[in-house]
Amino acid sequence: QKEVEQDPGPLSVPEGAIVSLNCTYSNSAFQYFMWYRQYSRKGPELLMYTYSSGNKEDGRFTAQVDKSSKYISLFIRDSQPSDSATYLCAMRLSSGAGSYQLTFGKGTKLSVIP
Amino acid sequence: NAGVTQTPKFRVLKTGQSMTLLCAQDMNHEYMYWYRQDPGMGLRLIHYSVGEGTTAKGEVPDGYNVSRLKKQNFLLGLESAAPSQTSVYFCASSLEWYEQFFGPGTRLTVL
């Protein structure tokens with residue numbers, strides 16, 4: 001079992017829809033959780049970052065972490081065509097030898113149709 | 001600020017050839033990383049550096065070498081390219097662990 005699982009999609013939604021993107025993970029030692037957005041033929045850029053469990057909101061984006069279920073989510077409200085991209089979840093340990101590394105999901109490709 | 005830049009943007013190699021990919025950052029970041037991104041595999045860490053003169057292996061280091069002689073530069077070398085190294089290579093840098101800033105990528109094809 002891969003450490004981080006993410007449905008690759010593609011996911012296609014109409015403009016204005018609420019989008020839910022998810023990742024599951026197997027290593028309970030992950031403490032930091034991130035969402036990156038990657039436009040076609042570009043490098044990833046950080047969207048949101050959360051520590052441990054809970055919710056974090058930034059404009060139309062909300063990140064949720066449920067450590068008991070080893071499940072993280074990214075919600076996009078009022079989705080726009082400009083949100084069309086691949087969304088990558090990433091996580092890392094809080095300490096120890098592996099804490100230098102981010103473990104990424106494979107990414108979910110999202111298309112928002114006008 | 002240019003951020004993170006990568007040279008070259010595209011390259012085609014024949015099996016057995018060597019090449020060096022250059023990453024440069026102007027943000028005075030301590031940490032730098034090399035990733036490869038393949039369809040269905042996601043981003044995988046090749047090597048990373050926590051400061052000038054230091055390097056360490058990531059998840060998929062075989063077939064690659066790196067050097068960090070200057071703080072702003074991180075070089076990735078392929079000594080004898082193989083078709084399995086056909087990929088998109090991304091360099092990233094960070095001041096803190098969570099926010100990694102990525103370059104635009106290098107598309108490498110090995111024939």
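Note: hydrogens, waters and symmetry copies are ignored here, and every other heavy atom, side chains too, is used. Just so we're on the same page: letters track the sequence lines, and every chain starts at 1. Predicted model only: the values in this text are computed from it and were never measured.
Only the side chain of B/V50 comes within contact range of chain A, with heavy atoms under 4.5 Å apart. Heavy-atom distances place both the backbone and the side chain of B/L43 under 4.5 Å from chain A. Residue B/Q6 does not touch chain A at all, counting heavy-atom pairs closer than 4.5 Å. Within the 4.5 angstrom heavy-atom criterion, no atom of A/P8 approaches chain B. At a 4.5 Å heavy-atom cutoff, the contact between A/Q38 and chain B is made by side-chain atoms alone.
Hydrophobic clustering of Ile, Leu, Val, Met, Phe, Trp and Tyr side chains at less than 4.5 Å, counting indirect connections, unites A/L93 with A/M91. Taking hydrophobic clusters as Ile, Leu, Val, Met, Phe, Trp and Tyr residues chained together by side-chain heavy-atom distances below 4.5 Å, A/Y71 does not share a cluster with A/I18. Residues B/L45 and A/L46 fall within the same hydrophobic cluster, defined by Ile, Leu, Val, Met, Phe, Trp and Tyr side chains chained together at heavy-atom separations under 4.5 Å. When hydrophobic clusters are built by joining Ile, Leu, Val, Met, Phe, Trp and Tyr residues whose side-chain heavy atoms come closer than 4.5 Å, directly or via intermediates, A/F75 is not grouped with A/F33. In the hydrophobic cluster analysis, where Ile, Leu, Val, Met, Phe, Trp and Tyr join through side-chain heavy atoms closer than 4.5 angstrom, B/V88 is grouped apart from B/Y64.
In terms of heavy-atom pairs under 4.5 Å with chain A, the best-connected choice from B/G58, B/G103, B/G40 is B/G40.
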Subject >> Residue pair B/R107, A/R41: steps toward the side-chain contact (heavy atoms from CB on, under 4.5 Å) verdict >> reply: CA-CA 9 Å; B/R107 293 182 175 273; A/R41 294 184 170 265; 2.9 Å; yes
Original post:
Would B/Y35 and A/L102 satisfy side-chain contact (heavy atoms from CB on, under 4.5 Å), going step by step from the backbone distance to the final call?
Top reply: CA-CA 11 Å; B/Y35 293 90; A/L102 290 182; 4.1 Å; yes
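The CZ atom of A/F104 sits 5.5 Å away from atom CD of B/Q100, with the distance rounded to the nearest 0.5 Å. Put simply, NZ on A/K42 and CZ on B/F102 are 15.5 Å apart, with the number rounded to the nearest 0.5 Å. Between the CD atom in B/Q37 and the OG1 atom in A/T86 there is a gap of 8.0 Å [rounded to 0.5 Å].
Counting non-hydrogen atoms of neighbouring residues, nucleotides and ligands closer than 6.0 angstrom, the NZ atom of A/K109 reaches no more than 12 such neighbours. The neighbour count for B/E79 CD, taken as heavy atoms of other residues, nucleotides or ligands under 6.0 Å away, does not exceed 12.
Looking at every heavy atom in both residues, A/G43 comes nearest to B/F90 through CA-CE2, 3.4 Å.
Checked by atom type and distance alone, the side chain of A/K106 never pairs as donor or acceptor with a backbone atom of B/M41 at under 3.5 Å. Of the possible donor and acceptor atoms, none in the side chain of B/Y33 sits under 3.5 Å from a partner among the backbone N and O of A/Q101.
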